[in-house]
Undergrad: 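Below you'll find the structure I mean.
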Amino acid sequence: MAILFQNAWILTMDDEFRAIRNGWLLVEGRDIVDLGEGEFFGDCDERIDCRGGILIPGFVNTHCHASMIPFRTMGDDCKDRLRRFLFPLENEAMTPQLVYLGAKYGIAESMLAGTTTFVDMYYFEDEVARACLQTGMRGYLGETIIGQPTCDYPEPYGGFELAEQMLEKYKDNDLVHPILAPHGTTTCDEACLRRAHELAVKYDTLMTLHVSEMDYEMKHFADMGTTPLQWMDKIGTVDKHLLAAHCIHVSEEDARIMGERGASVAHCIASNTKAGKGVAPVKALLKDGVPVGLGTDGPSSGNTLNLFDQMRLFANFHKNENRDRSLFPARDIVALATRGGAKALGAENVFGQLKPGMRADIVLISLEEANMFPVYNPYSALVYCANTSNVRLVMTSGVIRVRDGKLVHTDLYALREQLRREMKPFLAAAERYTDII
Ligand SMILES: [Zn+2]
């Protein structure tokens, strides 16, 4: 099957940031095979007229808990949500079916927003894998490993068993990439992080966890005379396998160590600033050579699962923090949301750019809506003007998943009804917390 995109404004995100104003791009099977300017005169099975719209590599969401859809808008402005009601409610009311439908809904929302790859950490994570395979989402999926009983395992650190099952089950899968997901630096002990890291090395995959995010976490390590990151480094768990989520409070020394070891960061600006936690020092991290990708966090932390929000907030907060309008031009921010994310996942040679040999993970952004006129600079339009309503078409691994702004394989409203029905016991359990939420 060969699919041709024509009449497109192609932003390749390659080393030269090549942009082709009147371009075509040819997909065969799951890969991009060729692209160029003007007319394409070869054969193909389907021609897609992009009507001058912008073609970009799909967005890469480097930190998410998609199945937390049922928690959205619950206790948004409440302090210490994690321990007051998130953990208790998860333990009481999360089921495999709720994780599956939550993931499917979260994936639908993400795809409609132009995301083609996401990193996810949750419970019953194999259900998220099932949702990825059904919908065509590329997922880096980690079963949560944590030092307390959870909804899917009665023993602390029981997640290892489930994680190892996934590591075996999805070896060499094109869409599902199992990773290790110990929860965080204070919710997991040293032995847990060492073991998770060993498995990440053994299976040549990622280890992701929450790092330098919480005030109490920083105090815990400050009392020991160190930082979370330096403690992790001391126990030998900081290297190219590490994808550290948040890193709000990393020091200059932490950033230098991460750069030296090849570790990467999932930066969640919407979630972090909504919680009043602070802004990660991305300028310093990039200066030290740390790959940084953007992440939405879960739908109850950042509330939306789209990277347009992250790009816009990234621009606003970092320019403001540094009192520098010229810092992080729009082109660099689009790069963080696409190729930068792929680099943070160690997959820069697989997706994140539009060039021959790359997976055909492609998004068409329409310029026909009111908010997209005029467009002098397409990167500016993407960062400062665009929203999810401009996403026309989404392809992953050469298959069209969103066409004319609608999911091809899923009826969103039927899915929502299914999820609503499945949420009934969850909503009953949540009533206990009505005074908080
Ligand atoms: Zn998180």
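In listed order, ligands and their atoms are each counted from 1.
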Undergrad: Provide the atom name of the closest N, O or S atom of D297 relative to the Zn ion (ligand 1).
TA: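 It is OD1, the N, O or S atom of D297 closest to the Zn ion (ligand 1).
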
Undergrad: According to side-chain hydrogen bond (donor to acceptor under 3.5 Å, both in side chains), who are the partners of N377, at least two apart in sequence or on a separate chain?
TA: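 Testing N377 for side-chain hydrogen bond (donor to acceptor under 3.5 Å, both in side chains), a comparison that skips the adjacent residues, returns none.
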
Undergrad: Between the Zn ion (ligand 1) and C268, is there an N, O or S atom separated by less than 2.8 Å?
TA: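 No N, O or S atom of C268 is closer than 2.8 Å to the Zn ion (ligand 1), so no.
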
Undergrad: Only N/O/S atoms count here: what is the atom of H65 closest to the Zn ion (ligand 1) called?
TA: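 Result for H65 and the Zn ion (ligand 1): NE2.
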
Undergrad: Quick check on the Zn ion (ligand 1): does C64 put an N/O/S atom closer than 2.8 Å to it?
TA: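 It does not: C64 brings no N, O or S atom closer than 2.8 Å to the Zn ion (ligand 1).
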
Undergrad: Do K219 and D223 sit within salt-bridge range, that is, some charged N less than 4.0 Å from a carboxylate O?
TA: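 Salt bridge between K219 and D223, a charged N being under 4.0 Å from a carboxylate O: yes.
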
Undergrad: Aromatic ring centroids of H183 and F87 under 6.0 Å?
TA: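 Between H183 and F87, the centre distance is under 6.0 Å.
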
Undergrad: Tell me, please, which residues at least two apart from T73 pass side-chain hydrogen bond (donor to acceptor under 3.5 Å, both in side chains).
TA: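 Partners of T73 under the side-chain hydrogen bond (donor to acceptor under 3.5 Å, both in side chains) test: none.
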
